[in-house]
There are 2 protein chains.
Amino acid sequence: MSDRRQISMAVVRRLPKYHRYLLELISNDVDRISSKELSEKIGFTASQIRQDLNNFGDFGQQGYGYNVKELYNQIGNILGLNETYNTIIIGAGNIGQAIANYSNFSKLGFTNQAIFDKNPKLIGLKIRDIAILDVEFLEDYLKKNNIDIGILCTPREQAQEITDTLVKNGVTAIWNFAPIDLQVPDNVVIENVHLSESLLTLTYRLNEPKLLHDIKK
Amino acid sequence: MSDRRQISMAVVRRLPKYHRYLLELISNDVDRISSKELSEKIGFTASQIRQDLNNFGDFGQQGYGYNVKELYNQIGNILGLNETYNTIIIGAGNIGQAIANYSNFSKLGFTNQAIFDKNPKLIGLKIRDIAILDVEFLEDYLKKNNIDIGILCTPREQAQEITDTLVKNGVTAIWNFAPIDLQVPDNVVIENVHLSESLLTLTYRLNEPKLLHDIKK
DNA sequence: AAGCAGTTGTTAATATATTAACTATAATGT
DNA sequence: ACATTATAGTTAATATATTAACAACTGCTT
């Protein structure tokens, strides 16, 4: 019996971290681990770890703990890493190029198939053997190729329009680096990487001690 | 009287978004806005907006709403944008270069003062007039220059060691792009940008409908 | 000038997330 | 084989975060 309760984002955001720590354990030849031991490494409570994992299945065994390799694979599957993903990058500026060059994603099963830009100076250049194409051809390209994830690295001004094109042509996942909140239908998932916002939370915390001393009440 | 209650990260992470939307309102010549109107734009509830802002002061006026420019400035101050920040980038790979090239941060008051790497092929090259220095000289540099934020873009293997050097020499804020959880003393603040983790939450959600259908119970 | 509509700041209620406690079970040692 | 220890899964308690309700106040209209 399935019960289909939606898993909270708080839980989902911890899953990749479990995945990462388990891989580290594997490379250290650790075969089994208890929620308590893992909690000491990863910094969540043992209780939280058991709660999190239990959302998806009974992966452990009482009196024993979790088999590291098995748990790693299970979490990989939960994260969808049993499949591979075709991506395209739109926007070959700083971030777009950095993502295109970054090789670690291919290890996880992501293959970048194309890069688009509107700058004539960039069109035709190659990044890791992938030519930068004219964004004019984006819609055409999407009709002919099966793309799972659009990686949006354009300036803010173009982001919504490109998004509309992606969505219209069947892309249902967008990794968004543009500093804007995109409007999409319910079936499309978006993950934002808002670098400026991230940086500003850092300056907030850098100044917080002073600040809390000053404010009202 | 101050009461110094620590503001929750949930609130802090919304502040930059208020800041961004308020700037947009300013550029659209909007003078005043109510929590209700803002809630429709930004997608938080009006109640949450009032609660969030009220952590820091009484910025609004009953029957009127909030003065956009004033609120923008207040939130800027809360985020520490009344000050400027000297940054250095450690690691001149894809991400390091992208951040170095990205000009938007300087508008917010961040000045990147130096870039470090250990690759002899990169040392000496310039990015936006800033030469890439040998990471051997990092400690020396930190002793002579006042750096507020270290932007860590090295591979995982070097990240903790560099962090230790930064911390030892007085850097109390680290913006970390390396896929690792850094160990630092309590007075040092860290903001992680874990791109792989971000991407994996996207694939999770892309596959969630299937997944929730299958799992136990 | 009075009353109405709008809106905040704040308190109360609800919902969500985290942590702790407990129960059942498996592994281990003697 | 039995007793002991370890540990997961699960339920209960607590803490946190979000949303709703409301009283106090402001600005606007007539």
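Remember, predicted model here, so these are calculated numbers, not experimental data.
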Original post:
Out of D:dG9, C:dA27, D:dC25, which has the shortest distance to the side chain of A:Tyr66?
Top reply: D:dG9
**OP:** Quickly, which of B:Leu182, B:Ile90, B:Thr154, B:Val188 forms a side chain to side chain contact (heavy atoms under 4.5 Å, CB included) with B:Thr163? Name it, please.
**Re:** B:Leu182
Subject >> Nearest-angstrom distance from the residue atom CZ of B:Phe44 to P of D:dA17 >> reply: 15 Å
Original post:
Tell me: NZ of B:Lys36 to C1' of D:dA20, nearest whole Å?
Top reply: 15 Å
Original post:
Does a side-chain N or O from B:Tyr64 land closer than 4.0 Å to OP1 or OP2 of C:dA5, or not?
Top reply: no
Original post:
Would you say the base of C:dT7 and the side-chain of B:Glu37 have a donor-acceptor pair closer than 3.5 Å?
Top reply: no
Original post:
Taking only N and O in the side chain of A:Ser8, is any of them less than 4.0 Å away from OP1 or OP2 of C:dA17?
Top reply: yes
Subject >> Whole angstrom value for the distance that separates P of C:dT11 from CD of B:Gln48 >> reply: 18 Å
Original post:
Can you tell me how far P of D:dA8 sits from CG of A:Asn55, to the nearest Å?
Top reply: 16 Å
Original post:
Counting any heavy atom closer than 4.0 Å, what does A:Ser47 reach on the DNA or RNA strands: base, sugar-phosphate only, or nothing?
Top reply: base
**OP:** Send over the distance from A:Gln61 CD to D:dA6 C1', rounded to a whole Å.
**Re:** 12 Å
**OP:** Could you check which of C:dA24, C:dA17, C:dT8 has an atom nearest any side-chain atom of A:Gln62?
**Re:** C:dA24
**OP:** Using heavy atoms to find the nearest nucleotide of DNA chain C for A:Val11 and A:Gly63 separately, return the residue whose nucleotide is more 5′.
**Re:** A:Val11
**OP:** Verify the contact: side-chain N or O of B:Arg50 to OP1 or OP2 of D:dA21, cut-off strictly under 4.0 Å; return yes or no.
**Re:** no
Original post:
If only side-chain N and O atoms of A:Asn54 are considered, is one of them under 4.0 Å from the OP1 or OP2 phosphate oxygen of D:dA8?
Top reply: no
Subject >> Selection from D:dA17, C:dA17, D:dT10 that lies nearest to any side-chain heavy atom of A:Gln51 >> reply: D:dT10
Original post:
Would you call the rings of B:Tyr72 and B:His19 parallel, tilted or perpendicular, where under 30° means parallel and over 60° means perpendicular?
Top reply: parallel
Original post:
Quick one: which of C:dT19, C:dT28, C:dG9 gets closest to the side chain of A:Thr45?
Top reply: C:dT19
Original post:
In terms of the angle between their ring planes, are B:Tyr85 and B:Phe110 parallel, tilted or perpendicular, with boundaries placed at 30° and 60°?
Top reply: parallel
**OP:** For the side chain of B:Asp58, starting at C-beta, report the closest nucleotide among C:dT25, C:dT7, C:dG9.
**Re:** C:dG9
Original post:
Nearest-Å distance, CG (B:Leu53) to P (D:dT18)?
Top reply: 14 Å
Original post:
Should B:Glu70 and B:Arg32 be marked as a salt bridge (charged side-chain N to carboxylate O under 4.0 Å, His left out) after you check the CA-CA gap, both sets of side-chain angles, and the distance that decides it?
Top reply: CA-CA 9 Å; B:Glu70 190 200 310; B:Arg32 63 183 255 193; over 6 Å; no
**OP:** Just do the salt bridge (charged side-chain N to carboxylate O under 4.0 Å, His left out) check on B:Glu40 and B:Lys36 with the steps written out, would you?
**Re:** CA-CA 6 Å; B:Glu40 282 153 15; B:Lys36 182 154 173 287; 3.7 Å; yes
Original post:
For A:Asp52 and D:dT10, what is the distance between atoms CG and P respectively, to the nearest whole Å?
Top reply: 14 Å
Subject >> Residue B:Arg32, side-chain atoms from C-beta onward, closest of D:dT18, C:dT19, C:dT7 >> reply: C:dT7
**OP:** Scan side-chain atoms only and decide if A:Tyr141 and A:Asn169 contain a donor-acceptor pair under the 3.5 Å cut-off.
**Re:** no
**OP:** Can you tell me the distance, in whole Å, between the CD atom of A:Glu70 and the P atom of D:dA8?
**Re:** 13 Å
